[in-house]
Amino acid sequence: MSQPSRALALGGLSSGVFVALALLSLLWTPYDPTQISIIERLQPIGAQHWLGTDQLGRDVLSMLMRGAATSLGVAVAAVVLGAVPGIALGLFAAARRGWIDEIVMRGNDVVFAFPALLVAILLTTAFGPGALNAILAIGLFNIPVFARVTRAGALRLWPREYVLAARVAGKDSLRISLEHILPNLGGALMVQATTQFALAIVAESALAYLGLGTQAPLPSWGRMLADAQTLTALAPGLAIYPGLAVVLSVLGLNWLGNGLRDLLDPRLARGV
Amino acid sequence: MALLNISGLHLAVDGRELLSGIQLSLQAGQVLGLVGESGSGKSMTAMSVLGLLPAGARRSGAIDLGGRDLLRCSERELCAIRGSEIGMVFQEPMTALNPLLRIDEQVAEVVRTHRRVSRREALMLAHATLERVGLPASRVGHDRYPHTLSGGQRQRVAIAMAIVLKPKLLIADEPTTALDVSTQARILELLRELVRENACGLLLVSHDLGVIAEIADEVAVMERGRIVEHGTVAQVLRHPQHPYTQALLANSRPQPVPAPSAAGTGAPLLEVNHVVCEYPAHERTLFRPPPAVRAVDGVSLRIDPGERVGLVGESGCGKSTLLRAILGLESLRGGTIRVAGEGYAGGDTASLQKIRRQIQIVFQDPHGSLNPRWRVADVVGEPFHLWRGPGAPSADERRRRIASVLERVGLSAADGERFPHEFSGGQRQRIAIARALVCEPRLLVLDEAVSALDVSIRAQILELLSTLSRELGLAYLFVSHDIQVVRAVTDRLYVMQRGRVVESGHSADVLAHPRHDYTASLVAASPDLDLALARRFPQSAKIPVAVAS
């Protein structure tokens, strides 16, 4: 198996498992992840509760599944929220250059100048904790990332002769941006999107860990980590499982991004 | 004894045989030319000598340099040999130099890698070598960075790096391909002098038989990883034995194409009157607008329907800016451009669209001019965008026309479903020509359209262009730096220098009897196979034909 397809298979498999578990959790979980049962608190791994229970007797597997849905939902929304305006701004800046470019890029610098997580904390404290504000806070910081990557790639493509040929065919800069520039940036943007997606999962967990993201009783990986903090000696699994979930989903997404980039490039595709 | 002896060299990369049974020898003080078309293995042969091969390469045979077999040397020994005993000059001088190092430091670095000398001593040697390669400190500061130098000056720095330790063997891979003709002539002369002075051998890799005829003593012709003919330049180029060499020689002399009968009749198709184009200089000032550079300075030219007009000049002379202005991609600072009587200085989009249907362009690089993510049919159909609103061809009509234009340029309608990377360079150029033809223009602008192609492909594309010109009554504006090609395929000619047209007239007349000094220097510098042979080997035509191995 060649390198790109191995990355794609591994990344696709692990991301697929997470997405499947997240979707499944919306319909069915082994137990109700919000059901508290003090009698069954801190159960070890067993036939009844596959990954045990937490200090309030909630089923850890059920919480992880629903937590995946929360994390993925917030991350998808945050990436879309960042990518759409970011890519549009980047394409626009590269097509127009001049003072428009300056304004867009300096605006980006202003956003970049603030530590992302700090501002996210600020926003969620100002507007109240919750999944929606977490999405807005994470998404806002994705805009300049996508704008920069898009602009840098687009500036490299604009002098290409096929773009010149499109101009000779009378196409305006909007059309050229959409038909020639954007598709050729697809690979780079795909990788960036998966990277940002992975970062968004981490950011969501971090906000939830600080109590600023998804609120109880909705389960989330970050809050599971926070709750497990005081019980690491007693029940280390409570911290290990959500931690592993974050790591594996981030790793899988990065592989998926690299695999997709190679797959989407017709020059690298083999046997098509 | 020969300086370099390659015997029975085989090279395979990932199991694919790239070189088989290469047999070459080079004497000290001699220039051995290695010619062939792209993919023939000439660069691989040169790289095999240096041991710089892609991962997965397997070599067998022997490469003997001064009594040592380079194939038996360890990587460590090879590192010591590269730079000190073998110097290398690459094609693209910009990428061969480190942009962050001053030019004297680049040269000194080579010295300090191989000799235990102080920084000062290394710099002194570097300065002397830079002087020797024609970069006197009085004119070109030795503390300058590569990006401040011209292409020719950069190549001189690269040569200085290659010769600073007086290597026994110099390898030059297409050292002048990226340079203008007059710069090329001077660089070739410098290489020739250095070989004589240092009594080293030069292995010169080139696709250009004109270059080989100018400076090589011996020549080896390569085809598909084999040497098909080997002998002295006079022998091989005057009396080629192998059919491949014969074809290569025939294709290197572009055949004159007779003018189509319809040429030069009727009202002018394109009139360019006193056009001026400027662009802002790079330097930025805070309050004043940046100073303007005048790229095109009052140029006038005229093309009649069906006429084939050439435009020659060196890089930076304003050719490209003028072309962009003609295509309506550049705003004019002065003058007018009229196509079939209609002007478009104002930038009125509707009339621009109408005019662009009459002018289309084919670019130099067939790899860069096709969007890699588009299928060929979409690429070819792109100019249909010029037909919007009433009268635009229907989807069926477009498909039919794309298919027919693909067939016209020698491809098949089914090729429309494939992607550009599935085609060879020559086929891609055919796709680019199909795109230019699909909206049935009356003028085709060919911007160095055959410069990046091998001579055999070049001959095919020139043949295709002349057929198209005959059958469709197309007019051409043929932009090229290659005097031989321009002489063969154009009726009239404009010579540009520093933004101005310095000479114009019938191509054959202008090139045979140039009136302007600049034209004369261009013609003199342009490598001409037959002239070079006649000058260097005046009597060798009488030498009996020798069959080369």
Side-chain angles (χ1 to χ4, degrees), chain A residues 1-4 87 91 94-102 105-106 150 153-191 260-272, chain B residues 280 284 320 323-324 326-330 349-375 378-388 417-422 428-429 431-433 435-436 438-439 441 444-445 447-449 452:
Chain A
M1 210 194 293
S2 65
Q3 209 61 45
I87 291 171
L91 287 176
R96 286 297 157 86
R97 303 303 308 273
W99 60 271
I100 290 180
D101 188 20
E102 286 293 322
M105 294 326 287
R106 293 302 78 80
T150 309
L155 287 182
R156 223 182 49 243
L157 294 175
W158 268 97
R160 294 279 166 96
E161 288 180 338
Y162 59 79
V163 173
L164 220 50
R167 292 177 68 195
V168 175
K171 291 188 172 168
D172 56 21
S173 53
L174 173 68
R175 234 185 132 131
I176 291 176
S177 292
L178 293 180
E179 289 183 358
H180 288 282
I181 309 285
L182 190 56
N184 277 294
L185 293 178
L189 290 175
M190 185 60 73
V191 175
L260 278 178
R261 178 195 50 201
D262 298 342
L263 185 76
L264 291 176
D265 193 331
R267 285 159 295 186
L268 295 175
R270 300 215 179 102
V272 178
Chain B
R284 284 204 181 182
S320 299
L323 289 191
R324 291 160 65 96
I326 291 173
L327 293 161
L329 298 176
E330 199 81 37
T349 332
S351 66
L352 200 55
Q353 300 287 30
K354 215 171 112 195
I355 282 160
R356 278 191 182 140
R357 265 184 250 162
Q358 316 217 30
I359 309 180
Q360 283 292 309
I361 182 163
V362 179
F363 296 100
Q364 169 174 4
D365 177 14
H367 295 269
S369 67
L370 310 176
N371 186 340
R373 292 188 179 262
W374 282 26
R375 286 181 197 279
D378 298 326
V379 170
V380 171
E382 187 165 40
F384 280 128
H385 183 77
L386 293 167
W387 263 282
R388 273 166 299 173
E417 290 310 305
R418 295 162 68 192
F419 283 100
H421 69 268
E422 297 172 52
R428 281 170 186 237
Q429 204 58 322
I431 296 170
I433 293 172
R435 169 173 62 189
V438 78
C439 62
L444 210 53
V445 175
D447 186 5
E448 300 277 5

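All chains are named by letter (A, B, ...) in the order of the sequence lines, taking the proteins before the strands, and each is independently numbered beginning at 1.
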### Summary
Minimal heavy-atom distance between Y162(A) and P372(B), with the atoms involved, is CE2-CD, 3.7 Å

## Note on the structure
To the nearest 0.5 Å, atom CD of E161(A) lies from atom CD of Q364(B) at 7.0 Å

### Query
Measuring heavy-atom distances to chain B, does L164(A) have an atom under 4.5 Å in its side chain, in its backbone, in both, or in neither?
both

## Note on the structure
When the 4.5 angstrom heavy-atom criterion is applied to D365(B) and chain A, the contacting part is both

### Query
Which pair of heavy atoms, one from V168(A) and one from I359(B), lies closest together, and at what distance?
CG1-O, 4.3 Å

### Task
Specify the closest pair of heavy atoms between E382(B) and A169(A), including all atoms of both residues, with the distance to one decimal.
O-CB, 3.8 Å

#### Entry: Among L386(B), N371(B), D378(B), residue most engaged with chain A (heavy-atom pairs, under 4.5 Å)
N371(B)

### Message
Does any part of the side chain of H385(B), heavy atoms only, come nearer than 4.5 Å to the side chain of E179(A), both counted from C-beta?
### Response
no

### Task
Please state whether the side chain, the backbone, both or neither of L327(B) comes within less than 4.5 Å of a heavy atom of chain A.
side chain

## Note on the structure
Here the gap from R373(B) atom CZ to L182(A) atom CG, rounded to the nearest 0.5 Å, amounts to 10.0 Å

#### Entry: Interface moiety of R357(B) toward chain A, non-hydrogen atoms closer than 4.5 Å
neither

### Task
Check whether any side-chain N or O of R167(A) sits under 3.5 Å from a backbone N or O of G328(B) as a donor-acceptor pair, and report yes or no.
no

